[in-house]
There are 2 protein chains.
Amino acid sequence: MVTRSGKPSRERIVAGAADMISRRGLSATSIREMAKHAEAPLGSTYHYFPEGKQQLATEAVRFTGEWVARSLRKELEAGPAAGLSAFLDLWRGIVVGSDFHAGCPVLAVAIEEPPADGVPPALVAAAEVFEQWEALLAASLREHGAGSEQAAQLATLVVAAVEGTVAMCRAKRSTQPLDHTAEQLQALISAATRR
Amino acid sequence: MVTRSGKPSRERIVAGAADMISRRGLSATSIREMAKHAEAPLGSTYHYFPEGKQQLATEAVRFTGEWVARSLRKELEAGPAAGLSAFLDLWRGIVVGSDFHAGCPVLAVAIEEPPADGVPPALVAAAEVFEQWEALLAASLREHGAGSEQAAQLATLVVAAVEGTVAMCRAKRSTQPLDHTAEQLQALISAATRR
DNA sequence: GCTAGACTATGACGGGCGTTATAGCCAGGG
DNA sequence: CCCTGGCTATAACGCCCGTCATAGTCTAGC
């Protein structure tokens, strides 16, 4: 019953899976590689995630979602502009720190075609994570004077723009897109809360 | 020497590859499936694209890039706002027409991790396509009164936001993100050219 | 100390992958 | 009429995939 390394090992697998998915995409990441990357035996992945790859992907998405949301919640206490800066810096750190190899695992999962029957849980999780990030930003914008509809639209724009920009940075092997997007979004947020 | 079906067949393979990549991503799309989707024999793909999957992916990216650029160039004659509308409608059509299964193949290629040695040509092509779309938008913005730096930043924001939004629409199985982003970007373009 | 149950080790299953090789078809030009 | 060369058909190569089954190991609680 819950040996010493149970939680660490499980968590290591999820975190590693998120990292690998953010680099190669879901379908290009094999369970065997995820296990090896986490220094866990293959059998353990099916022990911890009996529903297989989909479950692992779902948890990786949620893990990333919660990790980003934590940072967002904390920085948004200082206002929407600070939250945006934290959001931008977080992704800039990932892109630069991986030498333009890694991006957002949530985006990677979001663009995988669902099977003909039904929607896979990992895709649902991706939608929920986007929703959560938007909701955090929108709430903060509203608290700082933005109109309700304007706040929702702006929150969507911020999340979408940053996700798209990170992908563009990877393709171009440059942070210039992130610089451009950052300036534009900062001006927008500042205008929307000025009142 | 150029039999009757030579060009049609080759082009069909490229167009089909772009469609499949936009749905499943590059690594999840097999050459066998691309051939079948284009009703071409497997051998033909290696006849037309002797460098294999990477070449096919590269051409699919460039094909999509040129297709979008053509539409963009034409609509931008009526100004940046019209160009933006066309850009948004184009992607909305793809997302809705595929029942949220398809997205942008350029984005799909952009987020695949390059091998340790060197940058694959498909990724370079993706960067060039993004650059091209940005350049078209930026030039039009400058022609309509936007400052040079502002035009470049805004063009990046538009491309990144639309790419990100399309992915969000797929995850949420809704066009609401596209509606939000469209309104925000339209207001931005209109403000940047008003003068 | 023993036993139950959490974890690991190992190997197999059928199947799809990218790529290559080889032989065959069949229209056009000489 | 033949033959060249673009295109196709077919099969094979070695490799990796997701998943499952089974037997083993080790520890925590009694």
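A quick note: this is a predicted structure, and the numbers were derived from the prediction, not measured. Here is the naming used below: chain letters follow the sequence lines, and residue numbers restart at 1 for every chain.
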Which nucleotide, [options], lies nearest any side-chain atom of [X]?
X	options	answer
A:E33	D:dT19, D:dC17, C:dT8	D:dC17
B:H47	C:dT19, D:dC7, C:dT8	D:dC7
B:K53	C:dG18, C:dA12, D:dG6	C:dG18
A:S44	D:dG18, C:dC7, C:dG18	C:dC7

Shared hydrophobic cluster for A:V14 and A:V124 (ILVMFWY, side-chain gaps under 4.5 Å)
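Each belongs to a different hydrophobic cluster.
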Which part of the nucleic acid, if any, lies within contact of [X], taking any heavy atom under 4.0 Å across all strands shown: a base, the sugar-phosphate backbone alone, or nothing?
X	result
B:T45	nothing
A:Q54	nothing
A:S27	nothing

Can you tell me how far P of D:dA11 sits from CZ of B:R32, to the nearest Å?
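Rounded to whole Å, this separation is 13 Å.
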Distance in angstrom units between B:L42 CG and D:dT10 P, rounded
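Rounded to the whole Å, the gap is 12 Å.
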OP1 or OP2 of D:dC16 sitting under 4.0 Å from any side-chain N/O of A:S30?
no
Do NZ/NE/NH1/NH2 and the carboxylate oxygens of A:E134 and B:K172 come within less than 4.0 Å?
yes
Do B:E149 and B:R142 sit within salt-bridge range, that is, some charged N less than 4.0 Å from a carboxylate O?
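So B:E149 does not pair with B:R142 through a salt bridge.
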Between A:T29 and B:P41, which has a closest nucleotide on DNA chain D that is more 5'?
B:P41
Main-chain N/O of B:G43 paired with B:H47 side-chain donor or acceptor, under 3.5 Å:
no
